[in-house]
Amino acid sequence: MGWTWAFWATAVIGALGGCCSWLWLYLASEEDLRGTAHDRSGFNEDIVTIGGVPLLLAHALGLAALLALAGRARGTRRSAWVLAVVVLLVDSLIGMVVSLSLTGGELVAVWPRPYRP
C-alpha cells in the first residue's frame with residue numbers, strides 16, 4: 001500500500017514538473033530571441049540546448065521515477081510500464097496546457113510577433 005501512495009504522490013508532483021518544464025521551453029525561446037535581437041532572419045538553434053534538452057531530461061527523469069515506483073506498486077512489469085507511461089503523458093499534457101494558458105497559446109516565442117489588434 002505504501003508504494004502505491006508514493007507512486008500517486010510522485011504523479012501529482014510530476015504534473016508540477018510538467019508545468020515547469022514546458023514553461024521553461026517557452027522562456028528559453030524568448031531569451032534566445034533577445035540574444036539574437038540584431039539578427040531576426042531565422043530560427044536560432046540555441047533553443048534546442050537551452051530549452052529542449054531540459055524538457056527531455058525532465059521527462060526522462062520523471063519516467064524513471066514513475067517506473068521505479070510503479071514496479072513496486074504493480075504486480076507485473078508490463079502493467080508498471082503502461083501505468084508509468086500513461087501517467088507521464090497525462091502529466092506532460094497538463095503541463096503543456098498550463099504553459100499554453102500562461103504564454104498566450106505559444107509553446108515557443110516567435111519573431112516577428114503576429115499582429116493582434
Side-chain angles (χ1 to χ4, degrees):
M1 186 72 164
W3 291 111
T4 305
W5 282 103
F7 174 82
W8 288 112
T10 304
V12 170
I13 293 169
L16 178 62
C19 295
C20 292
S21 63
W22 282 107
L23 190 58
W24 180 262
L25 179 68
Y26 177 81
L27 294 174
S29 68
E30 189 175 59
E31 182 65 26
D32 187 43
L33 283 176
R34 289 183 188 160
T36 58
H38 64 282
D39 180 22
R40 295 184 171 104
S41 60
F43 179 75
N44 193 339
E45 293 83 19
D46 289 341
I47 185 176
V48 175
T49 57
I50 297 171
V53 171
L55 177 71
L56 291 176
L57 187 61
H59 282 77
L61 290 174
L63 182 60
L66 288 170
L67 278 173
L69 292 171
R72 306 236 179 186
R74 303 292 293 183
T76 64
R77 182 177 288 202
R78 178 172 155 64
S79 67
W81 268 93
V82 169
L83 183 62
V85 169
V86 167
V87 167
L88 180 78
L89 291 175
V90 169
D91 283 350
S92 184
L93 184 63
I94 290 169
M96 187 187 297
V97 168
V98 170
S99 177
L100 287 172
S101 67
L102 292 174
T103 61
E106 296 177 342
L107 279 180
V108 294
V110 294
W111 185 265
R113 295 274 186 202
Y115 174 73
R116 292 185 184 155

| remark: Sorted by chain and number, sequence neighbours left out, side-chain contact (heavy atoms from CB on, under 4.5 Å) with I13 holds for none

| field | Partners passing side-chain contact (heavy atoms from CB on, under 4.5 Å) against A15 (at least two apart in sequence or in another chain) | value | D91, I94

| field | side-chain hydrogen bond (donor to acceptor under 3.5 Å, both in side chains) partners of residues 94-103, not counting sequence neighbours, each pair once | value | none

Let me check something: any side-chain donor-acceptor pairs from residues 60-68 under 3.5 Å, sequence neighbours excluded? List them with distances.
none

| With sequence neighbours left out, what residues match T76 under side chain to side chain donor-acceptor pair (under 3.5 Å)? | S79

| query | Considering residues at least two apart in sequence or located in another chain, which fulfil the side chain to side chain donor-acceptor pair (under 3.5 Å) criterion with S92? | reply | W22, H59

Same cluster for [X] and [Y] if Ile/Leu/Val/Met/Phe/Trp/Tyr side chains link at under 4.5 Å?
X: V53; Y: L55; answer: no
X: V97; Y: L100; answer: no
X: L27; Y: V98; answer: yes
X: W3; Y: V87; answer: yes
X: V108; Y: L93; answer: no

| Taking every non-hydrogen atom, the tightest pair across S21 and A58 | CB-CB, 3.9 Å

| task | Quick one: closest heavy-atom pair of S29 and A109, and the distance? | result | OG-N, 2.7 Å

| message | Could you check whether any side-chain N or O of W81 sits under 3.5 Å from a backbone N or O of G71, counting only pairs where one atom can act as donor and the other as acceptor? | response | no

| request: Starting from the C-alpha separation in whole Å, work towards a yes-or-no answer on side-chain contact (heavy atoms from CB on, under 4.5 Å) for Y26 and L102. | output: CA-CA 10 Å; Y26 177 81; L102 292 174; over 6 Å; no

